[in-house]
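Heads up, the thing below is written out as structure tokens.
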Amino acid sequence: MPDKPGDLVQGTLDMLILKTVALEPIHGYGIAIRIEQISKGVFKVNAGSLFVAFQRLQRDGLIKSEWKATENNRRAKYYVITEKGRKRLSSETREWGKQVAAIARILEAS
Amino acid sequence: MSLIRSLAAGLRSLFRKEQVGRELDEELTGFLEMATEEKIKCGMSRQDARREVRLEMGSLEVTKEVVGTAGWESFVETWCQDLRFAARMLRTNPGFTTVAVFTLALGIGANTAIFSLVDAILLRPLPYKDSDRLVQLIEHDQKRGVDLDWVSFPNFRDWAEQSKSFEQMAAYKFHVFNLTNVSQAQVLFGIKVSANLLPALGAHPILGRNFLPDEDRPGRDHEIILSYATWRDSFGADPQEIGRTLTLNGEPYTVIGVMPPEFNFPPTVPITSSVPSRRTEFLTPLGLAFRPNERDWNMLGVIGRLKGGTELAQARADLAIIGRNLAQQYPDQNQQIQVNVEPLLDRVVGNVRRFGFFSGQSLWYFSLCVQILPTSCSHDQRFVRKSSRCAYPSARAGYGCFANS
């Protein structure tokens with residue numbers, strides 16, 4: 001569990017990236033910003049781990065990428081979720097929900 | 001599927017390294033610039049924004065390095081670099097190279113040689129069916145305190161008849177034949193065996209048949225089974241050889257079978273592969289007449305196959321009683337004679353220990369040689385440390401050559 005704010009729970013970065021990419025095709029910086037914004041600044045993703053995760057997800061065939069122009073007319077690599085990635089996201093979301101509920105039950109036990 | 005994809009992606013970054021590097025560069029630079037613009041929008045000066053982003057992101061080079069070394073292909077790359085570095089060091093230092101190659105060769109060679117010996121004599125089971133049930137029966141002369149490997153025919157027959165622990169008990173003795181009715185006369189070394197020796201070993205001729213119980217009697221014992229090598233080398237591997245008559249020591253013998261190539265008995269241990277031990281070239285029946293007063297004529301090797309489920313200790317107890325009875329019955333010849341039962345493998349290995357090339361020290365030699373390889377490695381390593389004091393990799397890193405460049 002995180003000691004200092006901004007650290008991710010281990011193993012959740014992939015899930016967060018998949019979720020972000022599932023909303024719409026988006027470039028690397030967009031993903032970082034969106035995770036930060038939606039989590040209201042709780043999670044700050046380090047660029048290094050973000051790009052390593054992109055590489056890993058791409059190799060697993062969960063996302064793919066293409067170069068496109070941004071709204072500011074800059075060339076950027078956009079990430080798109082694949083069918084396999086969607087399946088993985090939904091199964092991981094379900095699993096996560098189960099785990100969170102279980103942990104909550106344990107912590108609330110008196 | 002994802003394995004293939006990962007393989008393809010890895011190969012792509014290995015062989016199209018520049019393009020992959022450029023793409024990553026562009027993506028990261030884009031990331032950096034977008035972050036900077038975002039900060040400018042919030043009212044920072046361009047310079048401050050840049051500085052801030054760089055502080056947040058850390059060094060671009062480090063990020064590239066982290067991403068670049070995350071895939072499996074970076075291992076391959078590092079390995080290739082190490083190999084190139086090693087080759088370079090070896091070339092610049094031929095003296096060290098010679099010493100290193102020589103010590104390693106010595107270490108590996110000694111290990112291989114000793115291991116093949118130890119493997120042959122200590123680790124491999126004997127080449128017979130269920131060989132852990134095979135035992136050798138010997139006598140122990142308490143009066144003189146010596147083991148007698150050879151047993152008299154009457155004692156062997158009494159053991160075989162009275163014991164209950166064995167599926168088979170069989171005997172053999174060494175024998176030499178002069179083969180004369182061929183183009184070139186020849187000496188053959190082999191064994192005379194009781195008719196049940198091959199069944200006791202679980203061995204069968206590949207051609208022809210085994211001896212019949214009836215053929216193991218005086219006067220009816222003129223059959224011969226050839227070893228595969230003898231059949232091949234002296235008789236041209238001719239299947240028609242079965243049924244032919246050979247003149248051996250001036251008497252006619254009928255060839256009734258050929259053993260498989262791997263068969264050999266008694267089991268022997270090759271000392272080195274270049275000096276093979278003599279292999280048995282034929283088997284012929286013992287054909288011994290029973291003379292009860294010849295109990296001190298020790299001439300037979302005796303082996304047994306334990307009944308399934310019979311422990312060695314049971315067989316020993318069984319034979320001990322028979323031995324004591326025989327000692328009482330025939331005090332002149334059998335007094336002070338004990339019967340010992342030993343696993344056949346122990347006897348074979350024990351022979352090597354006692355009479356073999358290494359006179360009982362093969363294990364000691366082995367442990368010595370096992371130490372040679374690590375010693376020669378550490379020897380080389382010491383050299384490497386000494387000769388790499390130029391701190392070559394650190395110097396490269398100091399000039400800004402990164403592991404991936």
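Proteins come first, then strands; the chains are lettered A, B, ... in the order of their sequence lines, and each starts at number 1.
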A/Arg88 atom CZ, neighbour heavy-atom count above 12 within 6.0 Å | no

Considering only heavy atoms from C-beta outward, does the side chain of B/Glu26 approach that of A/Trp67 to under 4.5 Å?
-> yes

Any chance CZ of B/Arg51 has more than 12 other-residue heavy atoms, nucleotides or ligands included, within less than 6.0 Å?
-> no

Turns out that what part of A/Ala76 lies under 4.5 Å from chain B's heavy atoms comes down to side chain

Carefully, step by step, assess A/Tyr29 and B/Glu33 under the rule side-chain contact (heavy atoms from CB on, under 4.5 Å).
-> CA-CA 9 Å; A/Tyr29 180 66; B/Glu33 280 170 7; over 6 Å; no

CD (B/Glu262) with more than 12 external heavy atoms under 6.0 Å = yes

B/Lys64/A/Phe51 under side-chain contact (heavy atoms from CB on, under 4.5 Å): CA gap, chis, key distance, verdict | CA-CA 9 Å; B/Lys64 267 196 269 181; A/Phe51 281 92; over 6 Å; no

Could you look at A/Ala32 and say if it's the side chain, the backbone, both or neither that has a heavy atom under 4.5 Å from chain B?
-> side chain

Which portion of B/Glu23 sits near chain A, non-hydrogen atoms under 4.5 angstrom | both

Is there a side-chain contact between A/His27 and B/Phe31 (heavy atoms, below 4.5 Å)?
-> no

So how far is it from A/Thr70 OG1 to B/Met34 CE, rounded to the nearest 0.5 Å?
-> 6.0 Å

Nearest-0.5 Å distance, NZ of residue A/Lys77 to CG of residue B/Leu24 = 7.5 Å

Rounded to the nearest 0.5 Å, how far does CZ of A/Arg74 lie from OG1 of B/Thr29?
-> 10.0 Å

Region of A/Leu50 in contact with chain B, defined by heavy-atom distances below 4.5 Å = side chain

